[in-house]
Asker: 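Right, I'll just put the structure down here and ask away after.
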2 protein chains.
Amino acid sequence: MKDQSTEENILKAAISVFQKKGMAGARMQEIADEAKINKAMLHYYYKSKQKLFEAVFRQAFEKFAPHINQVFNSDKTVFEKITEFTDSYISFVMENPYLPNFLIQEINNNPEFSDLFFGSEIAPNPARFKKQIAQEIEMGIIKPIDPKQLLLNLFSLTAFSFVGTGLVRGILDLDEKTFKSMMQERKILIPELLINSIKK
Amino acid sequence: MKDQSTEENILKAAISVFQKKGMAGARMQEIADEAKINKAMLHYYYKSKQKLFEAVFRQAFEKFAPHINQVFNSDKTVFEKITEFTDSYISFVMENPYLPNFLIQEINNNPEFSDLFFGSEIAPNPARFKKQIAQEIEMGIIKPIDPKQLLLNLFSLTAFSFVGTGLVRGILDLDEKTFKSMMQERKILIPELLINSIKK
DNA sequence: ACATTTATTAACCATTTGGTTAAACTATTT
DNA sequence: AAATAGTTTAACCAAATGGTTAATAAATGT
């Protein structure tokens, strides 16, 4: 661990606390403790809890969006996109286990303010992907399918295990080791499942 | 709306508030307001916020568990189970949109106390389903597959859209009407996808 | 009708929590 | 070295929040 500026330490601590506990459950004092600074510093650098939360939300969204954009805006084939997204997304989330849940939860709670992000530069835009699907159908590479349903399947299969970890592990009675090895297996299983279902 | 006992009104209001805002975000005063009673009544009938929350959690779990148990413990074939679960679960969640998210969120936050439920009578137990899969593989009805991965696929495909509604709708740019009609479509698409992937 | 238990309320209380302030301490500039 | 600007802290504050209490009202039993 390198020494960092106080402001960076605060954001780091805020990310950790907000992602685990959410806006409502997070405590400014806990963030200060984790950053090992006086609580007043939080307000010195970030004005209010809301502002600090927004900085954390933005950071999370910016880390997450590129994975979606890789699917939406790259020049790969649909098959390649499915394979590569699954692999890179599962790896990414295993390193950032609280991130998808955090995004989902806070977007559900603050639809009004998260709209800002969906209108922004960085926000994923599915238009190009839709065209690609239409083309590959035309070319006879894949069956006629609804691109939105395909994306929903892809996101569901990759993300749900992590968002609902506790429930999933409870229902299927999985220890952590088994869960992790299943997630590795899914890097293969998911593309197989999806590609088989759409290839002609 | 029928007249109900105060205790029932409180639980109903608590369900509504807790499921939307979670334990941390819920306010006792808001629950009292929604139940149109004095805040002291909450403690008169339910002792503390924690106890009231537990009643809400239990109710949610008891409403949710039968859907899983229908898959785990009925005498249907695997194909029938997939088809019927998808249909009934999507219908159920469209009527109770906050429930899956609430369960997931609170189980992630309180792993220790939600363990109580996974050890209980009502809790789903995958053992019988595992046997059934082994049998149907033996009988040559389905390909050799890991029952846990099949269940994970089924739960992911059905539940994720609802758990991550806000994020999904933001990324895919869906209005409410489109979202709902896609969910209806999924009652057909999901069984098709899963059954095709396992049938011999 | 009276007594007793049950239900309900308004007012209150202690703690928690986000946020402020004034003073001190540490660079940086001149 | 003095002045200035930036950083950090302890102490404090007001509002929100979960919870209690004592008095009252309504129902129930005798």
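Each chain gets a letter, A, B and so on, in the order its sequence line appears, and its residues count up from 1. Computed from a predicted structure; not experimentally measured.
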Asker: Over all strands shown, is A/Y46 touching base, sugar-phosphate only, or nothing at heavy-atom distances under 4.0 angstrom?
Answerer: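 The residue A/Y46 makes no contact with any strand.
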Asker: With heavy atoms under 4.0 Å as the rule, sort B/M41 into base, sugar-phosphate or nothing.
Answerer: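 B/M41: base contact, heavy atoms under 4.0 Å.
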Asker: Nearest-Å distance, NE2 (A/H43) to P (D/dT9)?
Answerer: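 Rounding to the nearest Å, NE2 of A/H43 and P of D/dT9 are 15 Å apart.
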Asker: Salt bridge (charged side-chain N to carboxylate O under 4.0 Å, His left out) with B/E30: which of B/K39, B/K21, B/K36, B/K49?
Answerer: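 Between B/E30 and the candidates, salt bridge (charged side-chain N to carboxylate O under 4.0 Å, His left out) is satisfied uniquely by B/K21.
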Asker: Give the rounded distance in Å between these two atoms: CG of B/L42 and P of D/dT20.
Answerer: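 So the CG-P distance, B/L42 to D/dT20, works out to 12 Å.
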Asker: Quick one: pull up OG in A/S197 and CG in A/L150 and give me the separation to the nearest 0.5 Å.
Answerer: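 Atom-to-atom, A/S197:OG and A/L150:CG are 7.0 Å apart.
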Asker: In terms of side-chain heavy atoms of A/I37, which of D/dG18, D/dT9, C/dG18 is nearest?
Answerer: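 The nucleotide sitting nearest to the side chain is D/dT9.
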Asker: Identify whether A/L154 and A/I104 are in the same connected component of the hydrophobic contact network (ILVMFWY, side-chain heavy atoms under 4.5 Å).
Answerer: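 Yes.
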Asker: Between C/dG18 and A/R27, is there an OP1 or OP2 to side-chain N/O distance shorter than 4.0 Å?
Answerer: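 For C/dG18, OP1/OP2 do have a side-chain N/O of A/R27 under 4.0 Å.
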Asker: Establish whether A/I171 and B/F85 are linked, either directly or via other cluster members, by ILVMFWY side-chain heavy-atom contacts under 4.5 Å.
Answerer: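 Yes.
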Asker: Find the distance B/K51:NZ to D/dG19:C1' and express it as a whole number of Å.
Answerer: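 Answer to the nearest Å: 13 Å.
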Asker: Below 3.5 Å is the cut-off: list the nitrogen or oxygen pairs between protein and nucleotides 22-28 of chain C, distance only.
Answerer:
none

Asker: Between C/dT8, D/dG18, D/dA10, which one does the side chain of B/T6 approach most closely?
Answerer: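 From the listed options, C/dT8 comes nearest.
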Asker: To the nearest angstrom, how far is A/D33 atom CG from C/dG18 atom P?
Answerer: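 Taking CG of A/D33 and P of C/dG18, I get 12 Å after rounding.
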Asker: Closest approach to the side chain of A/S48, judged atom by atom: which nucleotide of C/dG19, D/dG19, D/dT7 is it?
Answerer: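 Of all the options, the side chain of A/S48 is nearest to C/dG19.
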Asker: Quick one: B/Q29 CD to C/dA10 P, roughly how many Å, whole number?
Answerer: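 It works out to 11 Å between those atoms.
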Asker: Nearest to the side chain of B/Y44, which nucleotide is it out of D/dT9, D/dG18, C/dA7?
Answerer: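 Shortest atom-to-atom distance from the side chain points to C/dA7.
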Asker: By nearest nucleotide on DNA chain C, pick out whichever of A/M23 and A/A40 is the more 5' one.
Answerer: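 Result: A/M23.
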Asker: Side chains of A/N153 and A/Q149 only: does a donor on one sit below 3.5 Å from an acceptor on the other?
Answerer: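 Side chains of A/N153 and A/Q149: no pair found under 3.5 Å.
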Asker: Can you give me the bend angle of the helix from C/dA1-D/dT30 to C/dT30-D/dA1? Use the axis through the first five pairs and the one through the last five, nearest 10 degrees.
Answerer: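 That helix has its two terminal axes inclined by roughly 0°.
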Asker: Select one nucleotide: of C/dG19, D/dG19, D/dA10, the one nearest the side-chain heavy atoms of B/K39.
Answerer: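 Closest nucleotide to the B/K39 side chain: D/dG19.
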Asker: Could you state the CE-C1' distance from A/M28 to D/dA15, rounded to the nearest angstrom?
Answerer: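 Those two atoms, CE and C1', are 16 Å apart.
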Asker: Are A/K187 and A/S91 linked by a side-chain donor-acceptor pair shorter than 3.5 Å?
Answerer: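 Looking only at side-chain atoms, A/S91 and A/K187 do form a donor-acceptor pair, the distance falling under 3.5 Å.
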Asker: Quick one: are the ring centres of A/F18 and A/F102 less than 6.0 Å apart?
Answerer: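 They do not qualify: ring centres at least 6.0 Å apart.
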Asker: Run the side-chain contact (heavy atoms from CB on, under 4.5 Å) test on A/L194 and A/I198 for me, step by step, so that the C-alpha distance in whole Å, both residues' side-chain angles and the decisive distance to 0.1 Å come before the verdict.
Answerer: CA-CA 7 Å; A/L194 289 178; A/I198 63 171; over 6 Å; no
Asker: Looking only at the side chain of B/N38 (C-beta and beyond, no hydrogens), which of the listed nucleotides C/dT9, C/dT8, C/dG19 gets closest?
Answerer: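 The closest nucleotide is C/dT9.
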Asker: Anything under 30° is parallel, anything over 60° is perpendicular, the rest tilted; go ahead and classify A/Y89 against A/F64.
Answerer: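 Rings of A/Y89 and A/F64: perpendicular, as their planes differ by over 60°.
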Asker: Separation of A/L52 atom CG from C/dG18 atom C1', in whole Å?
Answerer: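 These atoms are roughly 12 Å apart.
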Asker: Tell me the interatomic distance from A/Y45, atom OH, to C/dG19, atom C1', rounded to whole angstroms.
Answerer: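 Roughly 18 Å, once rounded to whole Å.
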Asker: Have a look at B/A26 and say if it touches a base, only the backbone sugar-phosphate, or nothing, with a 4.0 Å heavy-atom cut-off.
Answerer: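 Sugar-phosphate contact only - B/A26 comes under 4.0 Å of backbone atoms but never of a base.
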Asker: Salt bridge between A/D173 and B/K148, side-chain N to carboxylate O under 4.0 Å?
Answerer: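 No salt bridge links A/D173 with B/K148.
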